[in-house]
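Here is the structure we will look at, set down as structure tokens.
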Amino acid sequence: MRKKLHSVTAFDVILAIFMVLICFACVYPMWYILANSLAAPEIANRGPVAWWPKALSLDAYKVVFQNEYILSGFKITILRTVVATFTHVFFTSMVAYGMSRKDLIGKKLYMKIAMITMFFNGGLIPNFILMIKLKLYNTFWVYILPGMFTFYNMVIFMSFFRSIPESLMESARLDGASEFTVYWKIVMPNAKPVIATIGLFTAVYHWNDYYQGVVYIRDKTLEPLQTILYKLLAETSMTAQQQQAMLALGGTTTSATVKYAAMFVGALPILCLYPFIQKYLVKGVMLGAIKG
């Protein structure tokens with residue numbers, strides 16, 4: 001018998017149109033930035049480009065990559081993202097492994113203390129004073145140490161760890177494995193989906209964060225890329241360094257195209273990384289949230 005073909009209903013058409021509009025709303029902002037960053041000066045001077053410029057120019061990108069602070073910002077952002085993501089996943093998962101053990105003494109007390117951090121915060125001024133007292137102010141480690149642990153991600157790790165068969169860990173202990181060995185060689189290799197999920201969330205946060213650089217950093221060589229872009233977009237005119245770079249190119253670009261080019265350069269790396277890890281997101285969140 002032939003299978004009955006699925007008839008297209010009005011709901012299917014409305015759903016398809018709705019999904020197309022959602023995709024357009026997600027893609028168009030990046031398209032808009034790319035189009036305006038590539039616009040030739042005579043096109044950019046007429047106003048923002050809605051779809052695609054009639055004349056193209058790469059001079060704005062040349063100005064961006066000749067800016068020494070943007071290049072140093074790239075290095076700081078990449079180093080910060082890699083180190084902060086690794087340390088966060090390592091320490092948060094290690095605490096979660098201990099908290100997932102049923103025989104942990106004082107577990108309920110620890111959970112209550114950790115849960116307080118989800119709802120209460122000291123605020124900007126106490127945090128600022130704390131960073132100074134800890135000698136983290138205006139240092140690279142202000143990006144790393146305060147974010148090594150979060151309660152929410154610990155709960156996701158805990159839920160996933162509870163889904164791992166206890167017999168697997170008991171057999172390792174019978175063979176003489178220590179708790180750290182069980183955690184590192186048994187638990188973590190089986191937790192790749194949730195590691196990828198938490199790792200991606202953490203990496204995206206550190207890549208996009210500009211706030212810490214604005215508040216806690218005064219040395220321009222320690223500013224991450226997003227802080228530099230934030231200050232660049234907040235400026236009404238181009239900096240002296242950017243003007244010199246423009247003059248070196250014969251003045252063949254505008255301040256608007258330079259800002260659009262800097263925004264696109266800042267967003268591109270994380271957009272390229274996302275598709276390779278996206279397949280783990282739903283699996284990791286569902287396993288960590290439902291099981292256990």
Side-chain angles (χ1 to χ4, degrees), residues 12-67 69-71 73-78 80-81 85 196-197 199-211 213-214 223-239 242-243 245-246 249-282:
D12 295 331
V13 175
I14 295 174
L15 182 61
I17 294 174
F18 179 74
M19 294 304 297
V20 169
L21 292 175
I22 293 294
C23 292
F24 176 79
C26 295
V27 173
Y28 182 71
M30 287 302 301
W31 179 265
Y32 179 86
I33 293 173
L34 176 62
N36 281 275
S37 68
L38 293 173
E42 61 272 16
I43 302 297
N45 287 328
R46 300 174 188 173
V49 177
W51 294 107
W52 192 250
K54 294 181 180 179
L56 301 179
S57 173
L58 294 175
D59 289 343
Y61 289 93
K62 294 179 182 178
V63 173
V64 168
F65 286 109
Q66 287 178 5
N67 189 320
Y69 290 124
I70 289 182
L71 294 179
F74 253 116
K75 296 176 183 178
I76 292 295
T77 300
I78 293 173
R80 170 190 177 177
T81 301
T85 301
T197 302
L200 180 60
F201 287 159
T202 306
V204 170
Y205 165 76
H206 282 283
W207 185 273
N208 292 329
D209 177 61
Y210 72 92
Y211 181 76
V214 172
E223 288 182 348
L225 178 64
Q226 300 303 332
T227 299
I228 296 173
L229 295 182
Y230 169 79
K231 293 182 177 180
L232 176 65
L233 295 175
E235 293 172 354
T236 57
S237 60
M238 302 187 73
T239 63
Q242 292 169 345
Q243 291 175 352
M246 284 181 58
L249 293 169
T252 57
T253 188
T254 65
S255 60
T257 54
V258 171
K259 292 180 180 180
Y260 283 122
M263 292 168 62
F264 187 79
V265 168
L268 186 61
I270 204 70
L271 289 177
C272 294
L273 174 66
Y274 186 85
F276 296 100
I277 307 180
Q278 187 270 342
K279 62 181 179 180
Y280 293 105
L281 284 179
V282 176

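Throughout, numbering of the chain's residues begins at 1 and tracks the sequence. Every value quoted in this text rests on a predicted model; they were computed, and no experiment measured them.
Without hydrogens or angle criteria, Ser37 side chain to Leu34 main chain gives a donor-acceptor distance under 3.5 Å.
Minimum interatomic distance between Ile228 and Glu223 (heavy atoms only, all atoms of both residues): CG1-OE1, 3.7 Å. For the residue pair Tyr260 and Ile33, the shortest heavy atom distance occurs at O-CG2, 3.2 Å. Residue Pro224 comes nearest to Gly213 through the heavy atom pair CD-CA, 4.1 Å, listed as atom of the first residue, atom of the second, then distance.
Between Phe24 and Tyr28, the angle of the ring planes stays under 30°, which puts this pair in the parallel group of the 30/60° scheme.
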Should Tyr210 and Leu229 be marked as a side chain to side chain contact (heavy atoms under 4.5 Å, CB included) after you check the CA-CA gap, both sets of side-chain angles, and the distance that decides it? CA-CA 8 Å; Tyr210 72 92; Leu229 295 182; over 6 Å; no
Hey, mind stepping through Tyr211 and Thr227 against side chain to side chain contact (heavy atoms under 4.5 Å, CB included) and telling me if it holds? CA-CA 7 Å; Tyr211 181 76; Thr227 299; over 6 Å; no
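Within the model, atoms CH2 of Trp31 and CZ of Phe264 stand 10.0 Å from one another, a figure rounded to the nearest 0.5 Å. Expressed to the nearest 0.5 Å, how far CG of Leu225 lies from CG of Asp209 amounts to 12.0 Å. Rounded to the nearest 0.5 Å, atoms SG (Cys23) and CZ (Phe18) are 10.0 Å apart. Taking CG of Leu200 as the start and OG1 of Thr197 as the end, the distance is 7.5 Å to the nearest 0.5 Å. The structure places CD1 of Ile76 at 12.0 Å from CG of Leu71, a figure rounded to the nearest 0.5 Å.
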